[in-house]
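Counting from 1, the numbers follow the sequence of the chain as shown. Both ligands and their constituent atoms are indexed starting at 1 by order of listing.
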Amino acid sequence: MKILIVGSGGREHAIAWKIAQSKKAEKIYCAPGNAGIAEYAECVSIGAMEFDKLVAFAKEKQIDLTVIGMDDPLVGGIVDLFEAEGLRVFGPRKNAAILEGSKAFSKELMKKYQIPTADYEIFDSADAALTYLETASFPIVLKADGLALGKGVLICNNLEEARAGVKTIMLDKQFGAAGNRLVIEEFITGPEVSVLSFVDGNTIRIMTSAQDHKRAKDGDRGLNTGGMGTFSPSPFYTEEVDAFCRKYIYQPTVDAMKAEGRVFQGIIFFGLMLTEKGPRVLEYNARFGDPEAQVVLPRMKNDIIEVMEACIDGKLSEIELEFEENAAVCVVLASDGYPEKYQKGFVIDGLEKIKEKEGYYAFHAGTKFDSDGKILTNGGRVLGVTAKGEDLKMARSNAYQAVEWITFENKYFRHDIGKAIDETN
Ligand code: AMP
Ligand code: GLY
């Protein structure tokens, strides 16, 4: 099969690596891809939002399957466009990707189908939101309705912060049209777990659990980022939690989407918080997590193309997912200063050492080739250095050893990925 992957980050590198293991994959393309993905795929310089060019490319190369890694094109309806052209594509259609694309939609869905989540109110005007906040209790959570690169969630400790938050989201439109509506949500606490799943419209198959670290600095301090590291599985995701989520969250979500006439085929990512009252859905995403994909996919035993095709064909019930009985840890190497100001364009050394070792991976997030083929840093998040181990402790120690093999000028990373967890076990 000829396969086209759409995207360019560490997640798409992990997807490309996994697809390259498939016995069905003969030729892989990636649009636009990056310097790491180029090892498995021919990278073509078409952006993920250039739908017409992507369709034309898929037709010209007679692509058998296109896999959409990112949220923006999914929410923008890329799948509908491919299908209309008779092209096979993995990912939810626009009317289902709204599960990620609108937080107001997902909250209303959960309320209607009694899927456990934090209490909330939805506002279309800043005035109404501000009036509501006068009598609210704090902390409270403000969420821009639409896609905001993971930055549209503000946790406000008092009325003053909340007023400023409403201004940022609804009046100053810091996240653009994503802030036309606002969800104001009850603040809840507990460990967070990311659970990814494959869905064929009816059947859902759950992948192994993971957890990410969103803050820039050790000890969960500093600014929110796209993710500074991740590990899998999460020790908090017990059999009891799993049983609860299967009964009250996973299948009910798939059934709810179907009942709404929004059949979901693709990946549902459940962002869960394990509160004292039980698991609650914090958010849904309609694609693999980044960086979660970088620890989940290396542990997956199945041929991913077979699973994706089963989702498209409604045959997922014929497949059982299998994961290795081990653990994986991914430490993101970033450019110092990320997520604010940072420099890029530095030579990265040491990648060969990782390539030579079984169970070690350097998934590229922001890299590029220079004119003599050297690999340079080209973003805030540069690499996801991932290693497996027999348990989290070993995986963590392996990943941090591999981090030392890689050098570039302004390398920055967190030292505590998976640490608190590792120490409680
Ligand atoms: P989201 O994009 O909705 O997952 O939110 C991003 C992050 O904000 C989550 O990973 C949580 O750490 C935090 N968060 C979101 N909703 C809540 C909530 N209701 N209570 C407490 N923290 C939250
Ligand atoms: N790691 C969270 C996300 O992919 O949205």
Side-chain angles (χ1 to χ4, degrees), residues 7 9-15 69-72 74-75 97 99-107 110-111 116-122 136-157 161-162 165 169 175 178-179 182-197 207 209-216 220-232 234 236 267-277 279-297 330 332 339 363 365 381 384 417:
R11 163 183 51 213
E12 285 75 22
H13 189 172
I15 294 171
M70 301 166 66
D71 42 1
D72 281 321
L74 290 169
V75 172
L99 192 60
E100 169 163 9
S102 166
K103 289 196 188 282
F105 169 84
S106 70
K107 296 298 287 189
M110 288 187 267
K111 188 185 215 170
T117 188
D119 287 342
Y120 70 96
E121 297 287 336
I122 296 171
S137 42
F138 294 89
I140 206 160
V141 185
L142 308 188
K143 298 185 173 185
D145 176 44
L147 294 182
L149 297 170
K151 300 193 176 100
V153 174
L154 305 177
I155 294 174
C156 304
N157 291 306
E161 282 180 26
I169 295 175
F175 311 108
L182 182 72
V183 175
I184 300 188
E185 203 173 280
E186 166 202 15
F187 176 79
I188 55 177
T189 54
E192 288 183 44
V193 182
S194 303
V195 176
L196 312 184
S197 65
M207 295 183 234
S209 61
Q211 189 177 325
D212 79 351
H213 296 254
K214 289 201 170 90
R215 298 299 193 97
D220 283 334
R221 288 175 298 113
L223 295 171
N224 254 323
T225 70
M228 292 301 293
T230 179
F231 58 89
S232 169
S234 162
F236 292 111
I267 304 284
I268 300 183
F269 167 137
F270 298 86
L272 304 173
M273 188 173 264
L274 309 181
T275 74
E276 277 181 357
K277 293 185 196 151
R280 299 282 182 272
V281 178
L282 281 183
E283 64 161 345
Y284 292 113
N285 294 316
R287 32 96 193 154
F288 278 104
D290 195 358
E292 286 89 336
Q294 302 175 46
V295 286
V296 169
L297 291 179
C330 165
V332 170
F363 294 118
R381 286 190 298 168
I417 303 302

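A centroid separation of 6.0 Å or more is found between the aromatic rings of Tyr284 and Phe269.
Qualifying side chain to side chain donor-acceptor pair (under 3.5 Å) partners for Asp71, counting only residues two or more places apart in sequence or in other chains: none.
Those atoms of ligand 1 that come under 4.0 Å of a heavy atom in Lys103, given as number and element, are 1 (P), 2 (O), 3 (O). Listed by atom number, the atoms of ligand 1 under 4.0 Å from Lys214 heavy atoms are 10 (O). Near Phe187, meaning under 4.0 Å from any of its heavy atoms, are these atoms of ligand 1: 20 (N), 21 (C).
Of the heavy atoms in Leu282, both backbone and side-chain atoms come closer than 4.0 Å to ligand 1. Residue-level proximity to ligand 1 for Ile188 is carried by backbone and side chain together, each with a heavy atom below 4.0 angstrom. With a heavy-atom cut-off of 4.0 Å, Glu192 touches ligand 1 through its side chain alone.
Between the side chains of Glu292 and Thr230, not a single donor N or O lies within less than 3.5 Å of an accepting N or O. In the model, Lys214 has no side-chain atom that pairs as donor or acceptor with a side-chain atom of Thr225 under 3.5 Å.
Nearest to atom 5 (O) of ligand 1 among the protein's heavy atoms is Val153 CG2, 3.4 Å. Ranking the protein heavy atoms by distance from atom 3 (O) of ligand 1 puts Lys143 NZ, 3.0 Å first. In terms of protein heavy-atom proximity, atom 18 (C) of ligand 1 is closest to Val141 CG2, 3.6 Å.
The shortest heavy-atom distance from Arg280 to ligand 1 is not under 4.0 Å.
Looking at Met273 and Val193, their side chains never come closer than 4.5 Å, going by heavy atoms from C-beta outward. Looking only at side-chain heavy atoms (C-beta outward), Lys143 and Lys103 come within less than 4.5 Å of each other. When side chains are defined from C-beta on, Met70 counts as touching Glu12, because their heavy atoms get closer than 4.5 Å. Between Asp119 and Glu185 the shortest side-chain heavy-atom distance does not fall below 4.5 Å.
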Can you list every pair where an N/O of ligand 2 is under 3.5 Å from an N/O on the protein?
| unit_1 | atom_1 | unit_2 | atom_2 | d |
| --- | --- | --- | --- | --- |
| ligand 2 | 1 (N) | Asp212 | OD2 | 2.8 |
| ligand 2 | 1 (N) | Asp290 | O | 3.0 |
| ligand 2 | 1 (N) | Glu292 | OE1 | 2.7 |
| ligand 2 | 1 (N) | Glu292 | OE2 | 3.2 |
| ligand 2 | 4 (O) | Arg287 | NH1 | 2.8 |
| ligand 2 | 4 (O) | Asp290 | N | 2.9 |
| ligand 2 | 4 (O) | Asp290 | O | 3.4 |
| ligand 2 | 5 (O) | Asn285 | ND2 | 3.4 |
| ligand 2 | 5 (O) | Arg287 | NH1 | 3.3 |
| ligand 2 | 5 (O) | Arg287 | NH2 | 3.1 |

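At least one donor-acceptor pair closer than 3.5 Å links the side chain of Glu100 to the backbone N or O of Ala286.
Atom-to-atom distance recorded for Ser197:OG and Met207:CE is 6.0 Å, nearest 0.5 angstrom.
Checking Thr275, Thr189, Ile155 against atom 13 (C) of ligand 1, the nearest heavy atom belongs to Ile155.
With Tyr120 as the aromatic partner, Lys111 meets the cation-pi criteria of under 6.0 angstrom to the ring centre and within 45 degrees of the ring axis.
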